[in-house]
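Taking it in order: structure first as structure tokens, then the write-up.
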There are 2 protein chains.
Amino acid sequence: MDIARSEDPDIGIPATCRICEARQGVVCGALAAAQLRELSRHSTRRKVDAGREIVAQGEEVTSYSNIMDGVVKLCKVMPDGRQQIVGLQFAPDFIGRPFVPESTLSAEAATPAEICVFPRGLLDRMIADTPELRHNLHAQALKELDAARDWMLTLGRRTAQEKVASLLYLIATHAEPETTSSTAFDLPLSRAEIADFLGLTIETVSRQMTKLRKQGVIRIENNRHIVVPDMDELERLVSA
Amino acid sequence: MDIARSEDPDIGIPATCRICEARQGVVCGALAAAQLRELSRHSTRRKVDAGREIVAQGEEVTSYSNIMDGVVKLCKVMPDGRQQIVGLQFAPDFIGRPFVPESTLSAEAATPAEICVFPRGLLDRMIADTPELRHNLHAQALKELDAARDWMLTLGRRTAQEKVASLLYLIATHAEPETTSSTAFDLPLSRAEIADFLGLTIETVSRQMTKLRKQGVIRIENNRHIVVPDMDELERLVSA
DNA sequence: CGTGACGTTGACACTAGTCAAAATTTGTGG
DNA sequence: CCACAAATTTTGACTAGTGTCAACGTCACG
């Protein structure tokens, strides 16, 4: 009956997908039930330890993934070992670059993560067949471009203190959707990773964090857990 | 006759477009003859003085443009006036952001430039109608994303000398397609703009340029004209 | 020939980096 | 559950690299 149909939009959708956090994400949100069924048959859900590489810089890419849980960092490294994190991705973001054979950067789990891996050929075919999917990927690319350019401003023109405040603000707004004036969260990154994201050294990051703590802008519990009593104060320090 | 048709692919194409540098560009390369005619009827070619703004940060966008000649810089400015150039665009690049009402950055002519301006609504309609155009815009977005992330590495992890070398290398490879070992070109940016691109001060840029000159890596004629006797040497200093 | 914009150079200050050591947290095996 | 080892973070002393401020040069233009 029409009523039954309109009341259950999940008819024909695999059970795994129904409870999936990325069901409405960039990729799966654009697929029809039949496509979801086929994709789900060939995908594997996989746990990734923190620090484990998902895609290697300069390597041929044979699969794409959805982040189901955790945080993934996108890195560039120089031959001499200097490193820069050029992006952070959160669930349910999509990892992968259509149209290009190999990746110019590496993707690595920053926290223990869970990803859903799609074979490249299959998803490429669905991209070719599905205008809405293409549109979603285009929109995500533009979103990432904006994020990258915002961060360029941070890297080029902000002081160490502003950089650290920017990072805390970024994590806070991505981890905690609620915009109450007080916030608490766990840092998904080590001090070394924060340094690689901000273009600083570990020591400078540590010193700036201590300074923010002594100023009362944040409280630090067990290194990773941060409490921000007043988000407005933190935002002020970003001077955006 | 078939022969005539295959020998002249420009049948039905406006005269202005036939001699246009951007004819095979991201936008016009994807359009059919009829679309080109319509777009050409509603476009205006315009000269823009160096330093003149094309799109303002935070302003509603009512038009898109093709760069026909010259170099355009994409800038972000902070409330206190600190500024960062987040991208350089060369002819025949496309300027504009589909899907979004207003620009998060400003576009400004770095050199005297010539642009071809399209009304937004018309091009939006063509984007909706033309899969190849959407694909080209998507591909350009990905290219810009790669460029932005490459530059993040430069901003975050390279020294002043490496930064200046990176910029010279970037300009040299975009201005002079030939890859002979020796190259000469005009800088499209003032020292102040170079500083804003590299996250440095004017003085540091100036000092590093003199240093490169004294090392024999470059020759400087009239401030803007640069000669690179040995590109490999310059590339080595980028330590990419 | 003067004027103003742009670029260079110098002296000095200060931010962030380097190197080293101590403190804290995390993980492991008994 | 505790003790110890390893990893991570913090802190300190010192240095190097950029920034700041100021003066001087140079070039284009009226």
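Not measured: the values here are computed from a predicted model. Throughout, a chain's letter reflects where its sequence line sits, starting with A, and its residues are numbered from 1.
- Side-chain atoms of B/S190 lie closest to C/dG7 of the nucleotides C/dG7, D/dT10, D/dT18.
- Here C/dT25 presents its C1' atom at 11 Å from CZ of A/R224, a figure rounded to the nearest Å.
- Protein atom CD1 of B/I220 is 14 Å distant from nucleotide atom C1' of C/dT9, rounded to whole Å.
- Salt bridge annotation for A/R82-B/E162: present, with a cationic side-chain nitrogen under 4.0 angstrom from a carboxylate oxygen.
- Counting non-hydrogen atoms of other residues, nucleotides and ligands closer than 6.0 Å to CZ of B/R224 gives a total above 12.
- Judged by distance alone, the side chain of B/S103 and the main-chain N or O of B/L105 form a donor-acceptor pair under 3.5 Å.
- Candidate nucleotides C/dT9, D/dG19, D/dT18 were compared by shortest atom distance to the side chain of B/T201, and D/dG19 ranks first.
- Between the P atom of D/dT10 and the CD atom of A/E221 lies a distance of 14 Å, rounded to the nearest Å.
- Between the CZ atom of A/R82 and the P atom of C/dT18 there is a distance of 10 Å, given to the nearest Å.
- Nearest-nucleotide mapping onto DNA chain D: of A/T210 and B/V205, the residue sitting toward the 5' end is A/T210.
- Side chain of B/R207, nearest nucleotide from D/dT11, C/dA16, C/dG10: C/dG10.
- The separation between A/R191 atom CZ and C/dA23 atom C1' is 14 Å, rounded to whole Å.
- Each of B/T104, B/L145, B/V86 was evaluated against A/D146; a single residue qualifies, B/T104, per the side-chain contact (heavy atoms from CB on, under 4.5 Å) test.
- For the pair A/I202 CD1 and D/dA7 P, the interatomic distance rounds to 14 Å; values are reported in whole Å.
- Atom pair A/I194:CD1 and D/dT10:C1' shows a separation of 14 Å (rounding to whole Å applied).
- Per the geometry, CE belonging to A/M209 stands 11 Å off P belonging to D/dT11, to the nearest Å.
- A/T204 has no side-chain polar atom (N or O) that falls below the 4.0 Å cut-off from OP1 or OP2 of C/dA16.
- Annotation: of the two residues near DNA chain C, A/E203 and A/N222, the 5′-most nearest-nucleotide partner is A/E203.
- In summary, A/R157 and B/D196 engage in a salt bridge, as defined by a charged side-chain N under 4.0 Å from a carboxylate O.
- If B/K214 and A/N223 are placed on DNA chain C by their nearest nucleotide, the residue sitting closer to the 5' end is B/K214.
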